[in-house]
Amino acid sequence: MGRGIILLAILQTLLVASTCNNLTTLNSTPTVQLKHYSDVLANRSSNPNLVYHIVPHTHDDAGWLKTFDEYYYGLKSDNFNIECVKCILNETYSILSSGKHRVFSYVEMSFFEKWYSNLTHERQQGVKDFVKNKQLFFPNAGWVMNDEACAYYEDIIEQFTLGHRFVYQEFNFTPSVGWSVDPFGHSSTHAHLLAQMGMNLAFFDRIHYSDQRKRRAENNTEFYWMPYEDFPEWGLVGRNNLLFYGGLSAEVGYQFKTISWASFDKKTNSPAQALYWLNDQADYYATDQVFFHIGSDFTFSKKGTELYEDIEKFVVEVNAVVENSTGVAILSAPDVYAEQWYLDYARYPNLRLTIKKDDFFPYADAQDGANYWTGYFSSRPTLKRKISESSWFLQTARKMAFGGGLVQALGQKAATLKAFWELSDRAINKLERALAIAQHHDAVTGTAKKHVNLDYIKMLNDGQKEAWEIMKLAGDSALASRLKPSAVSELKKLVSNAPSKNSEANRTLLKYFTCKDNTSSIECPFLTDTLSEISNTSLLLQIYNPGPNKYAAHRVKVPHSDIEGKFFFSDDFQLIFTRLRSSSRVIFQFCSCFPS
């Protein structure tokens, strides 16, 4: 029986993988003829009616109930519950290839870059054509859709940098809108960062239910978000989506079979009621632009082409309603909405927005009473600590890698320098990506399953391990540049003769270690144990401060009373030569920074 269950699970996994791989060969033929949104909007200046932006999209969690790779490859899926990012992107390629009027929005660059890098050159060019033809958009374009409460601002910038750099280098695409439809509350600091990144409008969903009701009653769902009065230019327009993320509620009057959460009956779909609902939304927002986003977690994983065709039918049916003399429905994207929003804003000089300065915390929903989402502020402290530690590790590794490479460049070692840069790029990129994924709103928050959190920690540990090797090489490079060749040779002999439990001493001039959160050497077991063991050997201790100060004062207590000391000064750091007993010695090297 047990073997039968295992075989069944394997067959289901193979079936999902086979379906995913075959998606790239599908040919989706549009069932209706539509124009590209740009053609529809070209003459709008002479007919400024409402524009209904129908936005097909998906949000793909970089880990939650499954790990990042499980979601990407569609593992642990079955025929009824497919969550496969690779399948979504393959299906999207087929959809966009079959009609130049078709538009799609994708957010998480961690998944997209993984998929794109494995495409053939021909298909990569096809993706570039989609972006050039304004069919494919990247709202937000971060590595993930990050949390806004627990994530450190520097790490948020890091994950956006990865995503924005990728879409710009590959597609010459510059993100213009923020897109945070799933995080549990929203931060004014995050809005401030988006504005400084050049984004001019932020879409978000989850805010306190009473706040949303109040804003809806006061027609105040779009506003100017200005976190800091001293920097009014670093603000942007905030837009709260009234339709709850992932839900196509009954009030819309129209459902789509593949994403309907309730029993689906096509006969109950009413384009007239949907039009009424769209017009009703217009009353709550500032301009003539009406936004209706269709998609949620891993939408388009299953029967994506069928869903897109249903969305096209919806657009056609809304435009065909006899009573529709007020506007036009188009297949659109958040970026298109923002562009048209600002054109409307310029068209109506008397339009005024309210100003918001603070956060949307805490988040509370109105389902089954007021549920406050605050536990994630402190849950999974081990993971939160590992993310914080990895952030420090990344910044330190970058500085040391740059310093080590600079030392080699000054020494005119071109071949060595090239090899060092290639090695450091690979190592640092791995840690960058692991840390960026950890900013996901189900990662740093601790809301993912236990095995998923362990996978995050493993990715961070693997990244730290490779970055640590670069830091050791950089430290050796900086040290060797300060010493005479004869001193380096003597040091190598001393280190090679020192007791070591592994081969690390044979690969680097020094044995490297870190002391975390220590106020004295006694609290660092590695240092204390090493000092207690050296009776007939030598120890060179190099301390690096990754901070911005060029010089720093350090106080070190050596646990022995028989001490002789001398101070040696050399440009950017000082050496202390200390004699312990009569046959051993300790050298402390204090390095505030690498040479500039």
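Side chains included, hydrogens not; waters and symmetry mates left out as well; all remaining heavy atoms used. Position 1 is the first residue of the sequence, and the numbers go up from there.
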Would you say Asn118's side chain and Lys114's backbone share a donor-acceptor pair under 3.5 angstrom? yes
Taking all atoms of both residues into account, what is the closest heavy-atom pair of Phe184 and His441, and its distance? CE1-O, 3.2 Å
How long is the gap from CG on Leu96 to CZ on Phe104, to the nearest 0.5 Å? 8.0 Å
Does Lys465 come within less than 4.0 Å of Asp462, counting only side-chain N to carboxylate O? no
Hey, do the aromatic rings of Phe204 and Trp225 have their centres closer than 6.0 Å? yes
Sole residue of Tyr37, Trp341, Tyr337 in ring pair (Phe, Tyr, Trp, His ring centres under 6.0 Å) with His53: Tyr337
For residues Gln196 and His192, is any side-chain donor paired with an opposing acceptor at under 3.5 Å? yes
Nearest heavy-atom approach of Ser110 to Ile437 is CB-CG1, 4.4 Å
Scanning both residues in full, the closest heavy-atom pair of Ala401 with Ile470 reads CB-CG2, 3.8 Å
Mind telling me whether Phe314 and Tyr254 have parallel, tilted or perpendicular rings, with 30° and 60° as the class edges? perpendicular
Ring-plane angle category for Tyr93 and Phe130, please: parallel below 30°, perpendicular beyond 60°, tilted otherwise. perpendicular
Nearest heavy-atom neighbours spanning Cys150 and Val444: CB-CG2, 4.0 Å
So, Tyr71 versus Phe298, ring centres under 6.0 angstrom or not? yes
Tell me whether the count of non-hydrogen atoms from other residues, nucleotides or ligands lying under 6.0 Å of NZ in Lys303 goes above 12. no
Measuring centre to centre across the rings, with the benzene-like ring taken for any Trp, is Phe171 within less than 6.0 Å of Tyr116? yes
Any donor-acceptor N or O pair under 3.5 Å, side chains Asp155, Ser391: yes
Looking at Glu422, I'd like to know if its CD atom is crowded, meaning that more than 12 non-hydrogen atoms belonging to other residues, nucleotides or ligands lie closer than 6.0 Å. yes
In terms of heavy-atom contacts, Val177 and Pro139 come closest through CG2-CB, 3.8 Å
Side chains of Glu158 and Gln439: any donor to acceptor distance under 3.5 Å? no
Would you find a donor on one side and an acceptor on the other, under 3.5 Å apart, between the side chain of Glu222 and the backbone of Ala286? yes
Verify whether one side chain among His101 and Glu312 offers a donor that lies under 3.5 Å from an acceptor in the other. yes
Test item: Gln135 side-chain N/O and His36 main-chain N/O as donor-acceptor pair under 3.5 Å: no
If every non-hydrogen atom of Gly74 is compared with every non-hydrogen atom of Cys84, which pair is closest and at what distance? CA-CB, 3.6 Å
Glu339 with Lys134: basic N within carboxylate O range, under 4.0 Å: no
Determine, using ring centers only, whether Phe68 and Phe111 are less than 6.0 Å apart. yes
How long is the straight-line distance from OG of Ser332 back to CZ of Phe292, given to the nearest 0.5 Å? 13.5 Å
Keeping the roles fixed (side chain from His59, backbone from Val181), state whether a donor-acceptor pair exists under 3.5 Å. no
Cut-off 3.5 Å, side chains only: do Tyr106 and Asp60 have a donor facing an acceptor? yes
Sidechain-backbone polar pair: Thr299 side chain, Ser296 backbone, donor-acceptor under 3.5 Å: yes
Is there a donor-acceptor contact under 3.5 Å from the side chain of Glu317 to the main chain of Pro271? no
Trp143 CH2 to Arg433 CZ distance, which is reported to the nearest 0.5 Å: 4.5 Å
Rounded to the nearest 0.5 Å, how far apart are CH2 of Trp179 and CG of Leu194? 13.5 Å
Ring-plane angle category for Phe300 and Tyr308, please: parallel below 30°, perpendicular beyond 60°, tilted otherwise. tilted
Could you state the interatomic distance from CZ (Phe420) to CG (Leu423), rounded to the nearest 0.5 Å? 7.5 Å
Under 4.0 Å between a side-chain nitrogen and a carboxylate oxygen: does that hold for Glu432 and Arg398? yes
For Gln125 and Asp129, which I'm curious about, is there any donor-acceptor pair between the side chains at under 3.5 Å? yes
Could you grab the distance from atom CG of Asp442 to atom OG1 of Thr447, nearest 0.5 Å is fine? 3.5 Å
